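Because the structure is a prediction, the values reported are computed rather than measured.
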Amino acid sequence: MKLFSYLMALLLFLLQVVPGLSMPKDTLRCVGYHGFCFHSKSCPEPFAAFGTCSRRQKTCCIDTTSNFHTCQDEGGHCVPTEIKCLQEQVGLCPHREWKCCTEV
């Protein structure tokens, strides 16, 4: 019984210490883009919706007043890295590996 107690304490410790170990993938992606998870389906001002959090139960919202603007807000299109862009621009895409292009 003592061994079980120690193992549970170790598991709880690891869940608190190791970043991302206990968070769902969509939440990690949101936090990676400096987003916040809100319970409502729409984001309050000055935030814009940028996907989901907590296994699609919450909305990921990013601050539109910061330097982290979405690609579509900047007039671009998100494309996979295999596609060659004629002109790239700064902007966030829902998939971290993708890039923002104005001309494809």
Side-chain angles (χ1 to χ4, degrees):
M1 194 61 165
K2 275 188 176 183
L3 178 63
F4 180 72
S5 302
Y6 289 125
L7 288 175
M8 289 304 291
L10 178 65
L11 177 65
L12 289 173
F13 174 75
L14 287 175
L15 287 175
Q16 292 175 356
V17 172
V18 178
L21 192 60
S22 61
M23 283 195 244
K25 287 183 181 180
D26 58 350
T27 305
L28 286 173
R29 184 177 64 88
C30 181
V31 171
Y33 282 115
H34 305 279
F36 301 93
C37 297
F38 288 94
H39 285 283
S40 63
K41 293 294 177 188
S42 61
C43 299
E45 291 291 330
F47 295 94
F50 192 69
T52 61
C53 295
S54 301
R55 295 181 181 90
R56 297 182 186 222
Q57 295 177 358
K58 297 179 183 176
T59 304
C60 175
C61 301
I62 58 171
D63 188 356
T64 58
T65 61
S66 69
N67 293 333
F68 304 106
H69 295 286
T70 62
C71 183
Q72 288 79 11
D73 289 344
E74 301 296 324
H77 304 282
C78 292
V79 295
T81 53
E82 302 86 46
I83 295 177
K84 193 172 191 175
C85 292
L86 296 176
Q87 184 176 357
E88 283 190 47
Q89 72 177 41
V90 177
L92 294 175
C93 291
H95 300 283
R96 185 171 277 239
E97 307 85 37
W98 289 20
K99 56 188 173 183
C100 183
C101 298
T102 53
E103 301 275 331
V104 180

Point to revise | Candidate pair Cys60 and Cys37, rule disulfide bond (SG atoms under 2.5 Å apart), full reasoning | key: CA-CA 5 Å; Cys60 175; Cys37 297; 5.7 Å; no

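Here CZ of Arg55 is found 11.0 Å from NZ of Lys25. Values are rounded to the nearest 0.5 Å. We find the OG-CZ distance between Ser54 and Phe38 to be 12.5 Å, quoted to the nearest 0.5 Å. The distance from atom CH2 of Trp98 to atom NE2 of His77, rounded to the nearest 0.5 Å, is 13.0 Å.
Side-chain N or O atoms of Asp26 include one that pairs as donor or acceptor with a backbone N or O of Arg56 at under 3.5 Å. Looking only at distances, no side-chain donor or acceptor of Thr59 sits under 3.5 Å from a matching main-chain atom of Ser42.
Under the 2.5 Å SG-SG cutoff, Cys30 and Cys53 do not qualify as a close cysteine pair.
What you find for His39 and Lys58 is that their closest heavy atoms are CE1-CE, 3.2 Å. Here the shortest heavy-atom pairing between Arg29 and Gly51 reads NH2-CA, 3.9 Å.
Heavy-atom neighbours of Phe36 CZ from other residues, nucleotides or ligands within 6.0 Å: at or below the threshold of 12.
Residues forming a side chain to side chain donor-acceptor pair (under 3.5 Å) with Thr27 (at least two apart in sequence, or on another chain): none.
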